[in-house]
Amino acid sequence: MSFASPWAWLWLLSLIPLILLHFLRRREREYPVSALFLWEGIRPDRPHFLERLRRRFDLLLLLQVLAVLLFSLALSQPFTQTQKLSGATLLVLDGSASALREGVAEAIVAHAREIIAQSAGPWAILLWADPPEILCDRTSSAAEALQALSRFRPRLSRRPELARALALLPEPWPRIVVITDNPAGITGIEVVQVPRPENLALTAFSVRPSPDGTHYEAFLRVLNDANAFKDVQVRVRTGVGEYLTSRLIPPGEEEIVILPISGVRESAFVAELGPLDSFPWDNVRYFAFSGGEVRVLWAGEEDRYLWAALRAAAPAVRVSSSPDLVVAFSAELPEEPRGAAFLVGAGTPGFPRGRLREADPIHGKAHPVLNHVSLSQFRVGKVWESAIPEDAHVILWAGDFPLLALWDGPYGRWAFLTADLRSSNLPLLPDFPILIGNILGWLLPEDPPSLLVVGEGLRLPQGFSVVVEGKEVEGLWVPEKPGIYELRRPQGTDFIAVNVPWEASSPVSSPAGALPAPPLAQVSLPLWPWVVLALLPLLLGEALLFARQGG
Amino acid sequence: MAGIGGGLGSGSAALELLTAEELFLLSRARVSLRRPRGTLLGSHLSRRTGTSLEFADHRPYQPGDDLRLVDWALYARHRRLMTKVFSREVEAPLYILLDASRSMAIGEKFSFAVKLSAALCFLAFRSGDRFGVYPFRENIQFFGKPRRGRAALVRAFSALSQLYPEGRTDFASLALWAERFREPGMCLVLSDFLAPGFREGLRALRYSRHAVAAVQILAPSDLDPQIFGEARLLDVEEGRARSLVVGRAAKETYREALRRWNRELLEACLELGVAHFLFSSAGSPMEAALILAKRWRP
């Protein structure tokens, strides 16, 4: 404890006259007696000095001394010093779908409260969700910041780029703390990781025709994000039938489940995973075929897997002229294709495909074409050293070499996939038809995509509408819940499948490297209000005692 | 309550002074005189002969005696005509002389005395005797002659409940009272007797042929004052004060002075044939009344 005004202790000197006056004051007490003559002739006693002192040192004097002590203490302005983290703190709370797991949101808020209590302020709080939101603008009031935490509500959408959230409060922040359950992709920023409960999830679901064209196949990827083996049941509903299977999934692993589906082609599918857990949103996933027909001119070698993935993405038909899309597989085209083109290990005179080379690990960056796709599952053995236009947008890399590039060139929209499909696992992944569907959606943007995630906005073309809870929505539509939605178009009716983002179910990545501890600041906690609070009842008691003793 | 109190009204002053339990305690006690000198018929057996049912003696038959009073059994044994003589029952008025000076206010002495007076009045009422309460200070209040009955009891209680201690004690006023009330009776003086002149007052009462009891009531603070240190002792009657440092020795000296004073009172009582009773105001007035009824045999 320190004192801001230590000279105020001089007030203690007032105790000297107080005590002197107390002992010098004549302290006779009046006693009424029945007969004074009985007291006549009695010689006064001389009680022992210490006895008189004891008699005179009464409770009132003690209270007066205490009052002067507290008064001096209050005037000296005592305070204690505590160490708190200095500088302004920006709290970024992960409000993506994964925070909806049981206990995660509460843990995030608890950590935020703790950080506010331990830092000196000012503070600001951001909700890191899609769209990001300022929960509390820069404030020096801890109470205001704590109150803003009550508005923290995670959403079912994925979280956008962290930079997009931080752009809402662009001023420089000495300290940024991200509180999340998954610190994947966060570098250079202080991260507080909250634990996640165990989870079973369907992280991918797609349906495609079998390569031999005899039936359909449902592709599912099941994640066991728990510490024990889990016996899971997978069920796919097609509208006319149900297909069941079960698997024993090792802890912390993902397994691909392929379910053959016989019968007629359906438009929408629902996959369910049992048993349900504390985050049921990712125990169900939806898939829908695109409705618009795509006329494909196939060039180069045949590939049944690519063709099956194309047919899963859209009702593709082969044509020899006037195509909507040119698909070239493992070939050198004699001339530049006109219009939309999908070059898979293929080259053109202007952009030859080069030679095969060993592929390095795959990495990419966020892009709508990669929506619903988990890159961690991709394995590519070799890539073609294709020439890529300089102004092409590379969204996937195999080491330093482009793996998937998008080019909006003078001939139309082209997509370059340089992977050698026969040396990769892509055709066997449930993500592959989704990736092909996303590429088709970029190449032929006229048709709305058939797969969306919650929070992903879709601008519907003229004449298109989506039925949401019995009402038709036109123009911009942002789905808020997973499910199968009816898409009404001039040619007929199709379906759009909306899922929670797979990132919500992805396994936890290891946290970023430890950052140097932020600087500490000494914060003074004044104690004088407590002293004054103690002084008040003391003075009251003293007044009562004084009145009781008859002044 | 009605049976015990002889029909006292519930709103009467008796209820304020004595509770139902206290009235019940007193209902079987009575104060009686060994030698009542009253003339009116009452409940006290007199030595004079009369017409009560209490047999007193025989005397030789004289012509004119009522033949019903001849003891025929005695005649059969001794062949002598003897007439039976019976005692006479007379009443004895109860006079309560109550010290109402300011010194009685110390230590609940006055309220003790008032309750004791009320209890004694009730005893007299139950015995069918006349009674009267006469407060005295520098002078005495003459509330008239003693009376019997329910109305007198209510009146006495009402007067008692309106009394308050004030003024100085002057035992000379007892002599004035004795000159006025010459009919012999039971005379109780309720006081702390902490004032000079009590001997003259008691003597005047005795000379008027009253049976007198000095009922001394002292407070615990009179007996053992809780005074220590520098004290200003204020005489409540005279207004005089004295500053004194009171310690153990001073208190012992005071207690000795009080013992000496009481010894003088006791000697005066023995000399004058006055009964002396000492009660502490911390005790029960009802208990004091029962002790008086049982142990005072004038």
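The chains referred to below are lettered A, B, ... by the order of the sequence lines, with proteins before strands, and numbering in each begins at 1. All heavy atoms count here, side chains included; hydrogens, waters and symmetry mates do not.
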Inset, instruction - Check the pair A:Trp39, B:Ile227 against side chain to side chain contact (heavy atoms under 4.5 Å, CB included), reporting the backbone distance first and the verdict last. - result: CA-CA 12 Å; A:Trp39 294 92; B:Ile227 303 173; 4.1 Å; yes
Inset, instruction - Output, in order, the C-alpha distance, side-chain angles, deciding distance and verdict of side chain to side chain donor-acceptor pair (under 3.5 Å) for A:Ser34 and B:Asp222. - result: CA-CA 7 Å; A:Ser34 302; B:Asp222 292 331; 2.9 Å; yes
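A:Ile42 is not listed as a side-chain neighbour of B:Lys251, based on a closest heavy-atom distance of 4.5 Å or more.
Remark: side-chain polar atoms of B:Asp235 are paired, donor with acceptor, to backbone N or O of A:Leu36 under 3.5 angstrom.
The 12-atom threshold is exceeded at CZ of B:Arg137, counting heavy atoms of other residues, nucleotides or ligands nearer than 6.0 Å. The neighbour count for A:Trp530 CH2, taken as heavy atoms of other residues, nucleotides or ligands under 6.0 Å away, does not exceed 12. For CD of A:Glu102, the number of neighbouring non-hydrogen atoms (other residues, nucleotides, ligands) closer than 6.0 Å is 12 at most. Within a 6.0 Å radius of CD in A:Gln147, other residues, nucleotides and ligands contribute 12 heavy atoms or fewer. B:Arg168 CZ: 12 or fewer foreign heavy atoms inside a 6.0 Å radius.
One distance of note links CG of A:Leu38 with CD of B:Glu256; it measures 11.5 Å at 0.5 Å rounding. Atom CG of B:Leu244 and atom CZ of A:Arg43 lie 11.5 Å apart (nearest 0.5 Å).
Between B:Trp261 and A:Phe37, the two ring planes are tilted [angle within 30° to 60°].
Residues A:Glu40 and B:Arg242 share a closest heavy-atom pair of CA-NH1, 4.0 Å.
When heavy atoms are compared at a cutoff of 4.5 Å, B:Ala195 approaches chain A solely by way of its backbone atoms N, CA, C and O. Both the backbone and the side chain of B:Thr253 come within less than 4.5 Å of a heavy atom of chain A. Using a 4.5 Å cut-off between heavy atoms, B:Ala105 does not touch chain A at all. Using a 4.5 Å cut-off between heavy atoms, B:Gln226 contacts chain A through its backbone alone, with no side-chain atom that close. Of the two parts of B:Ile106, only the side chain, counted from C-beta on, holds a non-hydrogen atom closer than 4.5 Å to a non-hydrogen atom of chain A.
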Give the table of side-chain donor-acceptor pairs shorter than 3.5 Å for residues 61-78 of chain A, with sequence neighbours excluded, one pair per line with atom names and distance.
| residue | atom | partner | partner atom | Å |
| --- | --- | --- | --- | --- |
| A:Ser72 | OG | A:Val68 | O | 2.9 |
| A:Ser76 | OG | A:Ser72 | O | 3.4 |
| A:Ser76 | OG | A:Leu73 | O | 2.7 |

